[in-house]
Novice: 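I have a structure I would like to understand better, so I am pasting it below and will then ask my questions one at a time.
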2 protein chains.
Amino acid sequence: MEAMEAKTDYQPLLKSLGLKSTPKRLAMLEMLDGEQAYLSPEDIWKKLKRRFKSIGLPTIYRNLEELEGKNVITKVIHPNRQLYYYFCRHSSHHHHFVCISCKKVQDFTSCAVADIEREIRDKIKGKVVSHIFQVNGLCRECV
Amino acid sequence: MEAMEAKTDYQPLLKSLGLKSTPKRLAMLEMLDGEQAYLSPEDIWKKLKRRFKSIGLPTIYRNLEELEGKNVITKVIHPNRQLYYYFCRHSSHHHHFVCISCKKVQDFTSCAVADIEREIRDKIKGKVVSHIFQVNGLCRECV
DNA sequence: ATCTAAATAGAAATGATTTGCGTTTATAAT
DNA sequence: ATTATAAACGCAAATCATTTCTATTTAGAT
Ligand SMILES: [Zn+2]
Ligand SMILES: [Zn+2]
Ligand SMILES: [Zn+2]
Ligand SMILES: [Zn+2]
């Protein structure tokens with residue numbers, strides 16, 4: 001028996017973000033929702049071209065940037081410094097474990113910012129504004 | 001009374017890395033050694049053009065990549081995804097506190113990889129290969 | 001049905017980074 | 001010192017992911 005996967009309706013989310021519910025945007029979210037791995041704008045473009053006869057790569061870039069700015073998706077840091085995105089299901093503070101083999105992304109919650117903030121405050125006498133933390137490795141299937 | 005700053009001789013370092021001690025390379029290391037802030041390849045190029053009538057930007061890029069590969073310098077992660085480098089004095093495991101205002105970089109030692117590795121092993125059943133950790137904020141002068 | 005700002009497609013531009021290649025140079029062997 | 005050789009270099013050109021431009025379309029409100 002396969003569990004029935006209910007497809008999320010992303011219209012309310014877009015509305016709450018003040019973004020119009022265009023077919024391209026909804027398709028992007030639905031597609032990203034089904035992905036466990038990070039994707040490049042071009043990956044996403046290629047997938048969506050199957051469903052839309054006409055869809056421009058700039059549209060993909062614009063929407064990804066927009067959604068990232070609204071914290072719906074996050075960037076993955078890659079050695080080649082190109083853009084890659086992953087659709088986070090978690091909303092609370094967390095970070096990503098990225099498989100360097102299959103590109104799968106998994107959330108984890110350990111985060112030592114509290115310790116770091118203390119050290120920055122005490123030794124460096126500075127103020128922490130943000131932090132970048134990403135763990136790269138091999139996932140269960142790729143180990 | 002000013003403390004006399006001894007300028008490090010980088011020839012032994014380059015030799016130990018199997019790199020030729022060229023004037024450009026030595027100048028790059030000496031210059032980076034005097035910097036507290038991260039620099040772009042072009043920043044470095046502009047500074048070195050004062051001392052060398054003829055010096056190409058590709059040379060800067062090539063040497064920076066080489067030195068980064070040998071763990072002499074490290075990259076700084078920047079929102080614009082361009083290359084920035086910082087010359088680390090610490091050799092043991094540490095991370096960077098980067099001032100978003102003045103670009104100054106300071107080392108700090110807190111690092112929770114051990115905790116993270118445990119969580120990755122127990123919950124995700126994966127293997128940690130590397131981790132990226134950078135804290136952005138305001139340094140003592142910029143707070 | 002009408003209106004308007006937002007969104008889009010497609011073509012073109014951008015610009016940081018990389019590559020190709022002929023010349024120079026550091027370094028070690030003679 | 002000379003010489004030999006791989007490594008470095010300068011310069012011009014290429015690359016190519018990303019961004020910008022502009023005319024057209026469209027979602028959502030009136
Ligand atoms: Zn994997
Ligand atoms: Zn954190
Ligand atoms: Zn500062
Ligand atoms: Zn660490």
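Convention: sequence-line order gives letters A, B, ...; per-chain numbering from 1. Note that the coordinates shown come from a computational prediction; the quantities given were computed from them, not determined experimentally.
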Novice: Compare the minimum distances between each of C:dA7, D:dG10, D:dT19 and the side chain of A:Pro58, then state the nucleotide with the smallest one.
Specialist: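 Of all the options, the side chain of A:Pro58 is nearest to D:dT19.
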Novice: For the side chain of A:Lys20, counting heavy atoms from C-beta on, which of D:dA7, D:dT26, D:dT18 is nearest?
Specialist: D:dT26
Novice: Quick one: label B:Lys53 by what it contacts on the DNA or RNA (base, sugar-phosphate, nothing), any heavy atom closer than 4.0 Å.
Specialist: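 Since no nucleic acid heavy atom lies under 4.0 Å of B:Lys53, the category is nothing.
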Novice: Could you please name the option among C:dA9, C:dA7, D:dA8 that lies closest to any side-chain atom of A:Thr59?
Specialist: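 Of the candidates, C:dA9 comes closest.
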Novice: Can you work out whether A:Thr22 or A:Gln82 has the more 5'-proximal nearest nucleotide on DNA chain D?
Specialist: A:Gln82
Novice: Check this one for me: any side-chain N or O of B:Asn80 less than 4.0 Å away from OP1 or OP2 of D:dT18?
Specialist: no
Novice: Treat each ILVMFWY residue as a node, draw an edge where side-chain heavy atoms are under 4.5 Å apart, and state whether A:Leu83 and A:Phe87 are in one component.
Specialist: yes
Novice: The side chain of B:Glu42 is closest to which nucleotide in this list: C:dA9, C:dA16, D:dA6?
Specialist: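 The closest nucleotide is C:dA16.
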Novice: Tell me whether the OP1 or OP2 atom of D:dA17 has a side-chain N or O from A:Ser40 closer than 4.0 Å.
Specialist: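 Checking D:dA17 against A:Ser40, no side-chain N or O comes under 4.0 Å of OP1 or OP2.
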Novice: Would you say B:Arg62 reaches C:dT18's phosphate, i.e. side-chain N/O to OP1/OP2 under 4.0 Å?
Specialist: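 No, no such contact exists.
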Novice: Would you say a side-chain N or O of A:Ser54 is under 4.0 Å from OP1 or OP2 of C:dG10?
Specialist: yes
Novice: Is B:Lys24 near enough to D:dG10 that one of its side-chain N or O atoms lies under 4.0 angstrom from OP1 or OP2?
Specialist: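 For B:Lys24, the contact criterion (side-chain N or O under 4.0 Å from OP1 or OP2 of D:dG10) is met.
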Novice: State whether A:Arg81 places a side-chain N or O below 4.0 Å from either non-bridging phosphate oxygen (OP1 or OP2) of C:dA16.
Specialist: no
Novice: Any link between A:Met28 and A:Phe52 through a network of hydrophobic side chains (Ile, Leu, Val, Met, Phe, Trp, Tyr) touching at under 4.5 Å?
Specialist: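 In one cluster: yes.
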Novice: Among C:dT8, D:dT18, C:dA7, find the nucleotide with the atom closest to the side chain of A:Leu19.
Specialist: C:dA7
Novice: Let me spell it out: for each of A:Asn63 and B:Gln11, pick the nucleotide of DNA chain C with the closest heavy atom. Which residue's pick is nearer the 5' end?
Specialist: A:Asn63
Novice: Same cluster for A:Leu67 and A:Val76 if Ile/Leu/Val/Met/Phe/Trp/Tyr side chains link at under 4.5 Å?
Specialist: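 The answer is no; the residues belong to distinct hydrophobic clusters.
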Novice: Any side-chain heavy atom of B:Val135 sitting closer than 4.5 Å to one from B:His95?
Specialist: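 B:Val135 does not reach B:His95 side chain to side chain.
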Novice: In whole Å, what is the span from the CD1 atom of A:Ile60 to the P atom of D:dT19?
Specialist: 14 Å
Novice: Reckon A:Tyr61 has a side-chain N or O less than 4.0 Å from the OP1 or OP2 of D:dT19?
Specialist: no
Novice: Within a reach of under 6.0 Å around CD of B:Glu117, are more than 12 heavy atoms found that belong to other residues, nucleotides or ligands?
Specialist: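 Enclosed.
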Novice: Rounded to the nearest Å, what distance is computed from the CG atom of residue B:Leu83 to the P atom of nucleotide D:dA17?
Specialist: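 Spelled out: CG on B:Leu83 to P on D:dA17 is 16 Å.
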Novice: Expressed as a whole number of angstroms, how long is the span from B:Glu68:CD to C:dT18:C1'?
Specialist: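 My rounded result for the distance is 16 Å.
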